[in-house]
Protein chains: 2
Amino acid sequence: MPTIADKPPVTSSDKTFLEMRRAIVEGRIPAGQKLSETDLADHYGVSRAVVREAIGRLEGIRLIERTPNVGARVVALSADALSELYEVRESLEGMAARLAALNMTAEEVNDLNRLLEHHEKTIGGSETYYQEDGDVDFHYCILQGSKNRHLIELLMNGIYHATRMYRVQLGMAGPRVGTALREHRHIVQAIANRDAELAEMLMRRHIAYTKQELEAKLRSMNHGDTRR
Amino acid sequence: MPTIADKPPVTSSDKTFLEMRRAIVEGRIPAGQKLSETDLADHYGVSRAVVREAIGRLEGIRLIERTPNVGARVVALSADALSELYEVRESLEGMAARLAALNMTAEEVNDLNRLLEHHEKTIGGSETYYQEDGDVDFHYCILQGSKNRHLIELLMNGIYHATRMYRVQLGMAGPRVGTALREHRHIVQAIANRDAELAEMLMRRHIAYTKQELEAKLRSMNHGDTRR
DNA sequence: TATTACATTATTGTCGACAATATAACAGAA
DNA sequence: TTCTGTTATATTGTCGACAATAATGTAATA
């Protein structure tokens with residue numbers, strides 16, 4: 001039901017930023033590639049100023065890197081970067097789960113349970129629905145429950161897009177669906193019991209497993225290409 | 001000895017960004033204040049474009065907030081925001097300590113010990129040296145030891161400036177100097193023993209204490225003013 | 001041939017002006 | 001007076017052009 005929506009882009013820079021972000025996450029602008037401001041400008045039909053603003057924001061969320069007087073390039077996909085990213089995510093989402101256990105209202109816990117039930121049903125039909133949106137919804141729900149705006153910002157507008165970049169570009173339609181759902185259930189239970197300590201620990205494990213899965217996939221695909 | 005240095009600003013936007021950041025952290029541009037692009041432009045003697053770029057980067061660091069077609073304003077100092085900030089910091093620096101215990105070289109551990117000894121000496125002279133730079137150096141050292149670039153970025157270019165903003169503007173020359181030093185010693189010991197679990201836990205406590213201290217100060221000063 | 005110095009080209013950084021939007025000021029009606 | 005609708009003003013968003021810097025290519029020299 002509650003698939004997340006970005007607030008609608010109002011300014012021209014917003015649109016360009018969102019389009020570029022999507023293109024990068026989906027690999028249509030390949031990892032590691034140099035970005036030409038003028039090229040992007042007339043590709044998106046806007047002025048260089050708005051492209052520059054978009055690039056600035058993309059740098060802010062660490063999807064691209066910039067060196068003065070030289071230019072910007074999309075970050076490279078690497079095992080190290082993936083590892084570092086997931087270490088940060090483990091830390092932050094662990095804290096989110098902890099805070100959710102403390103701060104979620106009874107209603108919110110109910111919603112979370114309903115979400116879980118919904119997933120348990122739909123997963124039987126072998127739909128790929130759960131795989132993407134379902135997982136996102138789950139983590140989103142807990143994150144909101146933390147009631148920590150700073151944390152929410154950091155994950156929603158930063159980490160998540162980077163992780164999705166790896167997921168998408170590594171072609172993740174992984175086999176961990178069933179396992180993940182079981183882990184989700186335990187986390188929700190801990191939150192319902194207001195056991196902050198346990199909720200954090202379980203969430204951290206959950207993310208650590210996902211990390212291992214991605215690393216394995218990355219290794220298996222690594223027939224030696226890190227594009228420049 | 002190794003007080004941290006930003007890499008020298010090359011472009012005009014860099015300088016403006018750094019100056020504005022400092023002005024905000026030190027409260028010379030007061031918290032919650034609306035920012036006029038034109039005013040800033042001729043105050044710093046640059047064009048509006050560079051001010052806009054600086055503002056964009058300051059937004060990326062969460063030192064200012066922006067609403068489209070309306071403008072930017074410095075974030076407000078509030079008990080909630082402080083709390084949220086320190087929850088994030090606790091999480092991230094805890095992870096940093098954990099990783100440092102795993103990844104620091106023997107030399108780096110030695111450096112850390114030497115740093116600690118140096119502080120133990122200088123603290124006798126009741127110099128305020130330790131209070132600011134010393135503490136920063138300590139956390140910086142461990143952060144580097146984590147070897148996680150993403151983590152380093154997040155803390156160095158984001159969280160630290162926001163926390164310093166509270167410290168400076170609340171006039172923190174706090175009484176926790178001695179206590180903090182003892183905590184530092186325990187953390188270093190855990191890292192030297194390669195006890196990642198303990199290092200993380202001690203660091204988290206250390207930060208949680210600091211948070212409480214700041215919250216107390218904030219409450220005591222709160223004669224009802226959150227500036228608009 | 002390899003290398004250095006210089007000139008050329010392309011790309012980014014900065015600027016001032018115009019367009020679009022929001023805020024403020026004002027006038028009129030209930 | 002208070003509210004509403006309209007006009008005026010100020011501020012932000014966008015653009016194209018110029019300046020400054022880096023990357024490239026070329027010629028001259030060892």
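Residue numbers begin at 1 in each chain, while the letters A, B, ... track the order of the sequences.
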Q | Carboxylate-amine/guanidinium contact A/E53 B/R52, below 4.0 Å | A | yes
Q.
So, does B/K34 get its side chain near the phosphate of C/dT23, meaning an N or O under 4.0 Å from OP1 or OP2?
A. no
Q.
Expressed as a whole number of angstroms, how long is the span from B/I64:CD1 to D/dT12:P?
A. 11 Å
Q) Tell me: CG of B/D42 to C1' of D/dT11, nearest whole Å? A) 14 Å
So which protein N/O to nucleotides 14-23 of chain D N/O distances come out below 3.5 Å?
| residue | atom | partner | partner atom | Å |
| --- | --- | --- | --- | --- |
| D/dT14 | OP1 | A/T11 | OG1 | 2.6 |
| D/dT14 | OP1 | A/S12 | N | 2.4 |
| D/dT14 | OP2 | A/T11 | OG1 | 2.9 |
| D/dT14 | OP2 | A/S13 | OG | 2.9 |
| D/dC15 | OP2 | A/S47 | N | 2.8 |
| D/dC15 | OP2 | A/S47 | OG | 3.4 |

Q. Rounded to the nearest Å, what distance is computed from the CD atom of residue B/E37 to the P atom of nucleotide C/dA20?
A. 18 Å
Q. Do A/V25 and A/L63 come close enough that some side-chain heavy atom pair is under 4.5 Å?
A. yes
Q. Does the side chain of B/I55 reach to within under 4.5 Å of the side chain of B/V51, using non-hydrogen atoms?
A. yes
Q. Between A/R22 and A/E26, does at least one N-O distance fall below 4.0 Å, as a salt bridge requires?
A. yes
Show me the protein contacts with nucleotides 6-9 of chain C, counting only N or O atoms at under 3.5 Å.
none

(Q) Can you tell me how the ring of B/Y160 sits relative to the ring of B/H139, calling it parallel under 30°, perpendicular over 60° and tilted otherwise? (A) perpendicular
Q) Is the closest side-chain heavy-atom distance between A/S83 and A/K211 below 4.5 Å? A) yes
Q. If you measure only the distance, is there a donor-acceptor pair under 3.5 Å linking the side chains of A/D135 and A/H184?
A. yes
**Q.** Salt bridge present between A/E65 and A/R73 (N-O < 4.0 angstrom)
**A.** no
Q) Heavy atoms under 4.0 Å, any strand shown: does A/L35 hit a base, just sugar-phosphate, or nothing? A) sugar-phosphate
